[in-house]
Amino acid sequence: MVKIILGVEGMMCGMCEAHMNDAVRNHFKVKMVSASHKNNSVEIIAENDISRDELEKVVEQTGYKLVSYDSEPYEKKKGFLFF
């Protein structure tokens, strides 16, 4: 699995976040996507890496600007067991 963090300019509110989340979900097979207008970021967890070029097209189609892209391996966090 991979964790992708995008820097995105132009999101102003919660509706912008929802718009960005929906765009990513509709174009790519992802496990999780979470946009934040306060942090100007979109965090994506996916099985396979998604190229910067592909993501940039989707971000720009939604009316925002991709300013940074970072991809790193992701491991699911293991929870604590309580007995």
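In Glu75, the CD atom is not crowded: 12 or fewer heavy atoms of neighbouring residues, nucleotides or ligands sit closer than 6.0 Å.
Judged by distance alone, with hydrogens and angles left aside, the side-chain atoms of Asp70 form no donor-acceptor pair with the main-chain N or O of Ile5 at under 3.5 Å.
Under the 4.5 Å side-chain criterion, counting only non-hydrogen atoms from C-beta, Lys57 is not in contact with His27. Looking only at side-chain heavy atoms (C-beta outward), His19 and Asp22 stay at 4.5 Å or farther from each other.
Applying the side chain to side chain donor-acceptor pair (under 3.5 Å) test to every pair with at least one member in residues 2-18, sequence neighbours left out, gives these pairs: Glu17-His37.
Rounding to the nearest 0.5 Å places CD1 of Ile45 at 4.5 Å from CE of Met32.
Clustering of Ile, Leu, Val, Met, Phe, Trp and Tyr side chains at separations under 4.5 Å places Val42 together with Val2, Ile4, Leu6, Val8, Met11, Met20, Val24, Phe28, Val30, Val33, Ile44, Ile50, Leu55, Val58, Val59, Tyr64, Leu66, Tyr69.
Of all the heavy atoms in Asp49 and Ser71, the pair that sits closest is OD1-OG, 3.0 Å.
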